[in-house]
Novice: 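Handing you this structure, nothing more for now.
The sequence lines fix the lettering, A, B, ..., with proteins before strands; numbering per chain opens at 1.
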There are 2 protein chains.
Amino acid sequence: MSVQDAKLIHQQCADCPIRHRAVCARCEADELDRLEQAKYYRSFEAGQTVVWSGDRMDWVGSVVSGIATLTQTLEDGRRQMVGLLLPSDFVGRPGRATAAYDVTATTDLVMCCFRKRPFEDILASTPHIAQRLLEMTLDELDAAREWMLLLGRKTAREKIASLIAIIARRDASLKLRRAAAAVSFDLPLTREAMADYLGLTLETVSRQMSALKRDGVIELVGKRGVLIPDFDRLVEEAGDDSDGGFLV
Amino acid sequence: MSVQDAKLIHQQCADCPIRHRAVCARCEADELDRLEQAKYYRSFEAGQTVVWSGDRMDWVGSVVSGIATLTQTLEDGRRQMVGLLLPSDFVGRPGRATAAYDVTATTDLVMCCFRKRPFEDILASTPHIAQRLLEMTLDELDAAREWMLLLGRKTAREKIASLIAIIARRDASLKLRRAAAAVSFDLPLTREAMADYLGLTLETVSRQMSALKRDGVIELVGKRGVLIPDFDRLVEEAGDDSDGGFLV
DNA sequence: CCGGATTCTTGATCTGCGTCAAGGTCTCCA
DNA sequence: TGGAGACCTTGACGCAGATCAAGAATCCGG
């Protein structure tokens with residue numbers, strides 16, 4: 001997808017906190033212009049690193065198209081993914097100079113960015129954006145906490161089922177919603193990335209995928225394709241308490 | 001500690017987002033009064049449940065004194081703690097009607113509460129509070145992500161060392177700070193609560209505490225008391241990448 | 001359509017932590 | 001001060017998932 005196409009999508013995206021014109025109906029015209037001037041787009045190829053943890057990061061932004069991940073690494077190389085960024089998700093923290101996590105594009109990626117200083121000014125002067133950002137941050141916090149339950153207490157099989165359910169839910173968010181029909185989609189993550197997300201090894205991920213396939217919970221088409229014949233069955237395997245909620 | 005004492009502390013607490021008079025220098029007097037009227041204090045005994053997950057929750061609040069925990073539970077009883085609430089920490093989510101987690105007092109606890117509706121009005125009309133809340137929520141999100149790394153990738157020993165380091169850091173936050181002197185304090189959590197926090201069993205927690213003691217990393221005085229002869233050594237055992245950061 | 005690189009699957013074996021079980025210790029209250 | 005109950009420690013054993021090691025499927029450029 002080209003940056004131009006992505007910008008077009010961006011115009012239509014209702015959730016992105018950075019789409020200022022839509023968010024803020026009350027702002028002064030010159031304020032709007034200031035904001036639009038500060039805005040710029042950046043694109044990355046699949047696999048590229050957007051920023052490394054600890055790097056200076058003088059911008060904030062949101063994902064326009066594609067998928068990115070946030071990961072932390074221990075010095076001996078153990079890696080844990082701590083966030084999955086989808087279109088409209090926000091990256092960067094007002095009031096912090098350096099990146100706290102590695103940000104990596106797992107697919108081709110387009111982001112909409114602001115230099116941090118102007119953005120902070122805007123944040124201070126237009127309450128809507130701070131409030132919208134607060135809401136989004138609270139959602140992320142809920143997602144992170146749901147994920148803590150997964151990491152701390154679920155079995156490998158439950159973890160895999162949870163991840164597939166989560167991806168299915170929002171990949172197919174419109175189609176699905178309790179439609180009993182089978183759902184299919186492509187996993188946007190390698191086995192290794194799944195392992196990093198779930199706190200498992202790549203081998204265990206593969207084994208449990210195979211097990212779920214053997215038990216008829218999912219079907220695999222090629223490497224990345226997944227078909228879910230019975231979504232409720234999958235959710236059951238995920239062992240979710242709160243009906244699965246809506247992670248990320 | 002009595003509610004009166006706690007209120008007194010509350011007056012002095014600079015971090016609490018709810019201490020409106022201190023936070024907002026620009027508000028109108030009648031707005032202040034409206035806020036102060038809506039405010040009330042509640043106290044709980046150690047072990048009491050503040051709210052159950054799923055319960056209607058028509059208030060928000062912040063901890064004045066004592067410690068509370070947020071936990072999630074799978075239907076078969078597996079429990080994971082997802083938050084530790086210390087004085088000044090905020091509970092409840094503007095724009096949500098029911099509690100998402102069990103909130104439990106682990107020590108005697110005093111909270112400062114607002115009915116949700118008035119609080120939301122105030123939030124909408126006074127940007128400072130939304131911004132302060134955003135900042136706090138971002139901090140919590142960082143803490144949650146650090147915790148995801150711990151849950152997903154650290155060994156039992158590293159988990160214990162991390163938890164002790166975290167508690168030490170902010171329990172002794174003033175005294176410590178690279179002071180080479182030994183630090184000692186009381187754990188505010190039972191072994192079971194520690195296990196729920198770390199995604200371990202109570203037995204494993206106990207075993208690893210003993211192991212750390214045997215290896216001279218910590219000393220135990222009574223059940224709850226901990227003494228850390230060499231803080232850097234402890235941090236090393238925690239395996240932390242980013243110098244341990246500052247969790248919660 | 002071929003060959004190399006990546007990514008994924010599967011098997012064998014090992015091990016850290018969970019589980020089950022039996023005491024021991026601290027605390028609190030009479 | 002002593003006894004009951006909550007809380008903690010330690011041991012023996014088993015198993016889920018990690019680790020080590022081959023292959024097999026898929027992708028991709030030539």
Side-chain angles (χ1 to χ4, degrees), chain A residues 45-48 74 76-80 104 106-108 150-164 186-215 218-226 237 239, chain B residues 45-48 74 76-80 104 106-108 150-164 186-215 218-226 237 239:
Chain A
E45 288 171 25
Q48 259 189 300
L74 261 23
D76 62 4
R78 283 175 283 175
R79 283 157 48 88
Q80 175 66 49
T104 312
T106 62
T107 64
D108 288 349
L150 178 147
L151 289 171
R153 295 302 187 194
K154 287 191 179 178
T155 65
R157 169 183 265 244
E158 289 168 336
K159 286 178 178 182
I160 298 286
S162 300
L163 179 60
I164 294 177
D186 276 355
L187 291 170
L189 301 173
T190 64
R191 299 286 185 263
E192 189 181 22
M194 293 174 68
D196 284 343
Y197 209 155
L198 299 171
L200 298 172
T201 59
L202 162 171
E203 294 94 326
T204 299
V205 170
S206 185
R207 266 187 259 276
Q208 296 298 334
M209 294 277 288
S210 300
L212 288 174
K213 175 186 175 185
R214 171 165 28 75
D215 300 343
I218 59 176
E219 285 166 40
L220 301 177
V221 336
K223 271 181 190 171
R224 295 296 189 81
V226 175
E237 291 285 354
Chain B
E45 288 172 23
Q48 257 189 302
L74 261 22
D76 62 3
R78 284 175 281 174
R79 283 157 47 89
Q80 175 66 49
T104 312
T106 62
T107 64
D108 288 348
L150 177 146
L151 289 171
R153 297 301 187 192
K154 287 191 179 177
T155 65
R157 170 182 264 244
E158 288 169 337
K159 286 179 177 181
I160 298 286
S162 300
L163 180 60
I164 294 176
D186 277 354
L187 289 170
L189 301 173
T190 64
R191 298 286 125 102
E192 189 181 22
M194 293 173 69
D196 283 343
Y197 209 156
L198 299 170
L200 298 171
T201 59
L202 166 170
E203 293 95 327
T204 299
V205 170
S206 184
R207 266 188 260 274
Q208 296 298 334
M209 295 275 289
S210 299
L212 288 174
K213 175 185 175 185
R214 175 169 21 80
D215 300 344
I218 59 176
E219 284 166 40
L220 300 178
V221 337
K223 270 181 192 173
R224 295 297 189 82
V226 175
E237 291 284 352

Novice: Mind checking A:S206 for me? I need base, sugar-phosphate or nothing, with any heavy atom below 4.0 Å counting as a touch.
Specialist: base

Novice: Examine distances only and state if a side-chain atom of B:K159 and a backbone atom of B:L198 form a donor-acceptor pair shorter than 3.5 Å.
Specialist: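 Yes.
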
Novice: Quick one: is A:R224 getting a side-chain N or O under 4.0 Å of the C:dC8 phosphate, OP1 or OP2?
Specialist: yes

Novice: What's the shortest heavy-atom distance between B:E237 and B:E158, and which atoms?
Specialist: O-CG, 3.4 Å

Novice: Indicate whether OP1 or OP2 belonging to C:dT9 is found under 4.0 Å from a side-chain N or O atom of A:R207.
Specialist: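 No, outside the criterion.
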
Novice: Among D:dG17, C:dT9, D:dT9, which nucleotide sits nearest the side chain of A:T155?
Specialist: D:dG17

Novice: Nearest whole Å is fine: how far is C:dT27 P from B:L187 CG?
Specialist: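 From B:L187 CG to C:dT27 P: 13 Å.
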
Novice: Whole angstrom is fine here: how far is it from CE in A:M209 over to C1' in C:dT7?
Specialist: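 Rounded to the whole Å, the gap is 13 Å.
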
Novice: Please state how far atom CG in B:L200 lies from atom C1' in D:dT9, giving the value in whole angstrom units.
Specialist: 16 Å

Novice: Among D:dA25, D:dG17, C:dC26, which nucleotide sits nearest the side chain of A:T204?
Specialist: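 Closest nucleotide to the A:T204 side chain: D:dG17.
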
Novice: Looking for any heavy atom pair under 4.0 Å, which part of the strands does B:G199 touch: base, sugar-phosphate only, or nothing?
Specialist: sugar-phosphate

Novice: What is the distance, to the nearest angstrom, from the CD1 atom on A:I218 to the C1' atom on C:dT9?
Specialist: 14 Å

Novice: Do you know which two heavy atoms are closest between B:T107 and B:P188, and how far apart they sit?
Specialist: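 In this case the closest contact between B:T107 and B:P188 is CG2-O, 4.4 Å.
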
Novice: Indicate whether OP1 or OP2 belonging to D:dA18 is found under 4.0 Å from a side-chain N or O atom of A:T201.
Specialist: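 Result: yes.
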
Novice: Heavy-atom nearest nucleotide on DNA chain C for A:R153 versus A:L189: which residue maps closer to 5'?
Specialist: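 On the 5' side of the pair lies A:L189.
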
Novice: Rounded to whole Å, please give me the gap between CD in B:E203 and P in C:dG23.
Specialist: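 About 16 Å, once rounded to whole Å.
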
Novice: Taking atom OH of B:Y197 and atom CG of B:L151, what is their separation to the nearest 0.5 Å?
Specialist: 9.0 Å

Novice: Of all the choices, D:dG17, C:dT6, D:dT19, which nucleotide is nearest to the side chain of A:K223 once you look at every atom?
Specialist: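 When the side chain of A:K223 is considered, C:dT6 is the closest of D:dG17, C:dT6, D:dT19.
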
Novice: What's the CD-C1' distance between B:E158 and C:dC17, to the nearest Å?
Specialist: 14 Å

Novice: Output the rounded distance in Å from CZ (A:R191) to C1' (C:dT9).
Specialist: 9 Å

Novice: Any idea which heavy atoms bring B:M209 and B:L187 closest together, and the distance?
Specialist: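 Scanning both residues, the minimum pair turns out to be CE-CD1, 3.8 Å.
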
Novice: Take atom CG of A:L198 and atom C1' of D:dG17, then tell me their distance rounded to the nearest Å.
Specialist: 13 Å

